[in-house]
Number of protein chains: 2
Amino acid sequence: MSSAEEVRPERISEAEHAVMEALWGQAPLTAAEVADKVGHDRGWSLATVKTLLSRLVAKQAVATQPDGRRFLYSPLLERADYVGTESKRLVERLFGGRPATLFAHLAESEALTESDLSEIEALLKEMRK
Amino acid sequence: MSSAEEVRPERISEAEHAVMEALWGQAPLTAAEVADKVGHDRGWSLATVKTLLSRLVAKQAVATQPDGRRFLYSPLLERADYVGTESKRLVERLFGGRPATLFAHLAESEALTESDLSEIEALLKEMRK
DNA sequence: TCGTTGCGCCTACAGATGTAATCAATCACG
DNA sequence: CGTGATTGATTACATCTGTAGGCGCAACGA
């Protein structure tokens with residue numbers, strides 16, 4: 001079910017999201033470790049990662065826990081919550097709040113592979129039980 | 001199928017998107033007309049709408065056609081294209097490019113109503129033919 | 001003890017975005 | 001013909017975002 005009493009979660013930018021992914025993958029992590037995981041393909045400097053981390057802390061999406069003279073960072077915002085809000089937001093904005101329309105669009109634009117279809121079919125069947 | 005040779009469509013912001021929606025609903029329109037349709041619930045001033053329109057023109061998402069001393073604006077970017085890119089972007093970013101995962105998420109978060117399910121089911125059956 | 005180094009915090013700065021006001025040209029009405 | 005309303009163009013300006021650099025302090029190794 002995730003989350004309970006949010007503090008009106010401030011919006012998280014795309015770059016910040018990448019950092020969150022790292023933390024969702026493993027936590028707690030030091031800034032350097034996060035940089036290692038993310039900066040890699042993003043080509044970010046350690047400084048950049050640090051900035052993003054502070055912003056996330058300010059937005060209360062990440063918690064810090066002192067470890068000697070440095071911090072260990074852990075996600076406060078749960079992935080499911082983030083993903084849920086973002087998805088709902090998109091469906092709202094682009095599909096008048098109707099998920100079926102999104103689905104239809106993906107289907108029509110051939111964004112759905114055969115295996116996607118099977119999976120969804122399976123999920124559907126599952127839900128019907 | 002829509003679109004063919006895009007000019008690397010520059011990203012359209014959320015506010016700009018609202019303006020596009022107005023134009024997708026009906027076009028061509030004058031700036032004042034767009035403002036009438038959009039500024040309404042957004043609480044935007046005519047000036048704001050004009051700014052957004054120019055930015056959209058600059059981004060080549062909207063075309064202008066002179067009509068006396070003013071312009072008539074029409075969408076250049078097709079809705080299907082926009083919606084498609086945005087959806088794909090989200091699926092990519094949040095679901096590792098797997099639409100089925102998005103679907104699973106919507107399902108799990110109870111964002112899918114019974115009628116959504118039926119609709120999707122119907123679409124699926126349709127595609128299978 | 002003392003220099004080196006790693007860390008968080010503060011500052012920077014350009015470009016995007018949201019939201020407008022102002023300006024100069026022009027059209028429409030009296 | 002004069003004048004107010006209209007219109008696109010230009011300018012404004014606070015935030016947010018992406019991307020860092022630099023500073024001061026504390027810990028660790030010699």
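So you know, we letter chains A, B, ... as the sequences are listed, proteins then strands, and number each from 1.
- Across the protein-nucleic acid pair, A/L46 atom CG and D/dG21 atom P stand 10 Å apart, rounded to whole Å.
- Defined by atom type and a distance below 3.5 Å, a donor-acceptor pair is present between the side-chain atoms of A/T48 and A/S45.
- The existence of a salt bridge linking A/E92 and A/R98 is excluded, since no basic side-chain nitrogen approaches an acidic carboxylate oxygen closer than 4.0 Å.
- With contacts defined as side-chain heavy-atom distances shorter than 4.5 Å, the pair B/T30/B/F71 does not qualify.
- A nucleotide of DNA chain C counts as in contact with chain A when one of its atoms lies under 4.0 Å from a heavy atom; the first and last such, 5' to 3', are C/dG6 to C/dA12.
- When all heavy atoms of B/L29 and B/A22 are compared, the pair lying nearest together is CD1-O, 4.1 Å.
- Proximity of a side-chain donor or acceptor of B/K50 to a complementary backbone N or O of B/A31 within less than 3.5 Å is not detected.
- Between the CG atom of A/L72 and the CG atom of A/D67 there is a distance of 4.0 Å, given to the nearest 0.5 Å.
- Proximity of B/V57 to B/V62: side-chain heavy atoms (C-beta onward) are separated by under 4.5 Å at one or more points.
- At a non-hydrogen distance threshold of 4.0 Å, A/R69, A/R70, A/F71, A/Y73 from residues 66-75 of chain A come into contact with DNA chain C.
- Of the options B/E21, B/R55, B/E10, a side-chain contact (heavy atoms from CB on, under 4.5 Å) to B/E16 is made by B/R55 and by none of the others.
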Return a single string for nucleotides 14-19 of chain D, one symbol per nucleotide in 5' to 3' order, where B is base contact, S is sugar-phosphate-only contact and - is none, cutoff 4.0 angstrom on heavy atoms. ---SBB

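- Taking OH from A/Y82 and CH2 from A/W24, the interatomic distance works out to 6.5 Å, rounded to the nearest 0.5 Å.
- Looking only at side-chain heavy atoms (C-beta outward), A/L23 and A/L56 stay at 4.5 Å or farther from each other.
- Atom CG in B/L53 sits roughly 13 Å away from atom C1' in D/dA9 (whole-Å rounding).
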